[in-house]
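What's counted below: heavy atoms across the whole structure, side chains too, no hydrogens, waters or symmetry copies. First the proteins, then the strands, lettered A, B, ... as listed; each starts at 1.
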There are 2 protein chains.
Amino acid sequence: MSDGRSGQFNRGESLLFLTDEQLRQGIEAMFFAYRGFTADPDRILAKLAYGRAHHRAIHFINRAPGTTVNNLLSILGVTKQSLNRVLRALIEDGLVESRVGTADKRERHLFLTEAGKTLEAELSNAQRARMRAAYKEAGPEAVQGFRKVLEAMMDADMRRAYTKLRETSS
Amino acid sequence: MSDGRSGQFNRGESLLFLTDEQLRQGIEAMFFAYRGFTADPDRILAKLAYGRAHHRAIHFINRAPGTTVNNLLSILGVTKQSLNRVLRALIEDGLVESRVGTADKRERHLFLTEAGKTLEAELSNAQRARMRAAYKEAGPEAVQGFRKVLEAMMDADMRRAYTKLRETSS
DNA sequence: AGCTTATGTCAGTGATGTTGACATTCCAAG
DNA sequence: CTTGGAATGTCAACATCACTGACATAAGCT
């Protein structure tokens, strides 16, 4: 790691000791934090006999109403058969509506019903509350860094999906 | 998007637009990043017919050699039945050794065998490589914020486990 | 001796993922 | 136009893994 500076570190690198130990702490922080991240929605979902797969489907249908099953598949990264079971349950329970495509009748466009939107809001509110609290506790500068590292940790195709979602929502 | 930044915030909060939209982006970043975070180990584990549960067990046994089953349970947050299935497999495959406690013979103390350490290193290296790359891409200041937000997102008991691990490792 | 603790095990259930087979629809080559 | 392939989505069977509940065993504690 020859940075060829006169001093041992330049200003930018001096805070970044990438020892295995530091990295492992980051790994463990990620593990524990993700548990907290999903804890609140999990509690709500458990009462309804739903799991995280249902939450993810509801989240992204809400995010991009009218999305097709195929589109959802690529975002969620599961097989279509897996997603189908989840969608079937949500449709039967009246949370999601599936409309045959007009241009291409093979496609199904997915929408949340009023009941679906209600559950989505309940899940979102719980998760946002925790995120808001964490942001507030960590402070504004920390939030920038948080987002930056997370984005750098994604696979290329995930980052594409992520930035695409950011665009369409604005 | 009502961000109304005319004079509504004081200096400290001015960088922190806690709109629902901003929070949702954080949520999605967390979702996608966690997939990237586990992708590399998952590939290695799949070849051995192991899952993430095995990885977590191996990780924390390596982190705290001699830990008891009960201790591991509280860190991992799974049921003993679940953990037992995992441990049984790892012991049968010669990756983990279970020694009866000397002071309290009810306890089992867990250690990685040489083969276990080899697999742990393989998994760790893959995950650290990604973490290192993400840290490098995001920059030093970002790393501080990343860690700070993650810690703030944990449940209280998780944060206790996390900081305890940090102490014992130093 | 009786109560509690630590661990392990068996049985049943549920969520989630997989592969395979199949129906429907679209599109393009002949 | 017809036919065959590709795309989209659905249904069925099976595997994995987590959970709850019940119980067994051994050891420590009062």
Side-chain angles (χ1 to χ4, degrees), chain A residues 31 34-35 38-39 41-61 66-93 95-111 119 123, chain B residues 31 34-35 38-39 41-43 45-58 61 66-93 96-111:
Chain A
F31 168 67
Y34 197 78
R35 280 250 291 283
T38 57
D42 281 353
R43 265 188 291 275
I44 296 170
L45 293 160
K47 290 185 296 188
L48 303 171
Y50 287 154
R52 280 183 203 170
H54 300 83
H55 183 189
R56 294 193 284 260
I58 289 174
H59 176 96
F60 287 109
I61 292 172
T67 186
T68 64
V69 172
N70 230 2
N71 194 355
L72 205 50
L73 279 178
S74 68
I75 290 176
L76 296 178
V78 295
T79 60
K80 59 181 179 175
Q81 293 89 334
S82 225
L83 176 58
N84 188 259
R85 191 190 315 111
V86 168
L87 285 179
R88 204 187 317 162
L90 293 174
I91 291 169
E92 277 176 10
D93 295 350
L95 300 178
V96 167
E97 191 190 350
S98 167
R99 299 185 203 152
V100 173
T102 50
D104 188 334
K105 289 179 184 169
R106 292 173 302 182
E107 296 180 338
R108 301 301 139 93
H109 298 276
L110 303 168
F111 300 87
L119 177 57
L123 293 166
Chain B
F31 167 67
Y34 197 77
R35 280 248 293 281
T38 57
D42 281 353
R43 265 188 290 275
L45 293 160
K47 292 184 295 189
L48 303 171
Y50 287 154
R52 281 184 204 168
H54 300 83
H55 182 191
R56 294 194 283 260
I58 288 174
I61 292 172
T67 186
T68 63
V69 173
N70 237 356
N71 195 353
L72 205 50
L73 279 179
S74 68
I75 290 176
L76 297 179
V78 295
T79 60
K80 62 176 179 176
Q81 294 90 333
S82 254
L83 177 59
N84 190 259
R85 192 188 324 114
V86 167
L87 284 179
R88 207 188 316 163
L90 292 174
I91 291 169
E92 278 175 10
D93 296 350
V96 167
E97 190 190 350
S98 167
R99 299 185 203 151
V100 174
T102 50
D104 188 335
K105 289 180 185 170
R106 292 172 304 179
E107 296 180 339
R108 302 299 143 90
H109 298 276
L110 303 169
F111 301 87

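- Rounded to a whole Å, the NZ atom of K47(A) is 20 Å from the P atom of dG14(C).
- In this structure, L72(A) atom CG and dG9(D) atom C1' are separated by 13 Å, rounded to whole Å.
- Put simply, S82(B) has no side-chain N or O that comes within less than 4.0 Å of OP1 or OP2 on dC17(D).
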Begin from the C-alpha positions of F60(A) and N71(A) and carry the test side-chain contact (heavy atoms from CB on, under 4.5 Å) through to its verdict. CA-CA 10 Å; F60(A) 287 109; N71(A) 194 355; over 6 Å; no
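- The NZ atom of K80(A) sits 6 Å away from the C1' atom of dG9(D) (whole-angstrom rounding).
- With rounding to the nearest 0.5 Å, the separation of NE2 in H54(B) from CG in L45(B) is 8.5 Å.
- Contact annotation: side chain of Q81(B) to base of dG21(D), donor-acceptor pair present below 3.5 Å.
- Residue T79(B) has a polar side-chain atom (N or O) positioned under 4.0 Å from OP1 or OP2 of dC19(D).
- Taking the side chain of H54(B) as heavy atoms from C-beta on, and the options dT8(D), dC17(D), dC19(D), the nearest nucleotide is dC17(D).
- In this structure, the nucleotide among dT7(C), dC11(D), dC26(C) sitting nearest to the side chain of R88(A) is dC11(D).
- Looking at R99(A), its side chain never comes within 3.5 Å of a backbone N or O of G66(A) through a donor-acceptor pair.
- Atom CZ in R52(A) sits roughly 10 Å away from atom P in dC19(D) (whole-Å rounding).
- In this structure, the CG atom of L45(A) is 14 Å from the C1' atom of dG14(C), given to the nearest Å.
- Going from atom CG of N84(B) over to atom P of dC19(D) covers 13 Å, rounded to whole Å.
- For R85(A) and dG17(C), a side-chain-to-base donor-acceptor distance below 3.5 Å is present, hydrogens and geometry of angles not being considered.
- Each of K105(A) and L83(A) lies near DNA chain C, and the nucleotide nearest L83(A) is the one positioned closer to the 5' end.
- If you check dA6(C), dC19(D), dG17(C) against the side chain of A53(A), the one that comes closest is dG17(C).
- With D93(A) contributing its side chain and L95(A) its backbone, the two residues share no donor-acceptor pair below 3.5 Å.
- Contact annotation for A103(B): backbone-only contact, meaning every heavy-atom pair under 4.0 Å involves sugar-phosphate atoms and none involves a base.
- In terms of position along DNA chain C, the nucleotide closest to V69(B) lies nearer the 5' end than the nucleotide closest to the other residue of the pair V69(B) and R108(A).
- What separates CZ of R43(A) from P of dC19(D) is a distance of 15 Å, to the nearest Å.
- Residue-level contact check: R56(A) touches the backbone only, with heavy atoms under 4.0 Å from sugar-phosphate atoms and none from bases.
- Between L110(A) and L72(A), the shortest heavy-atom distance links the atoms CD1-CD2, 3.7 Å.
- As rounded to whole Å, 14 Å separates atom C1' of dC17(D) from atom CG of L76(B).
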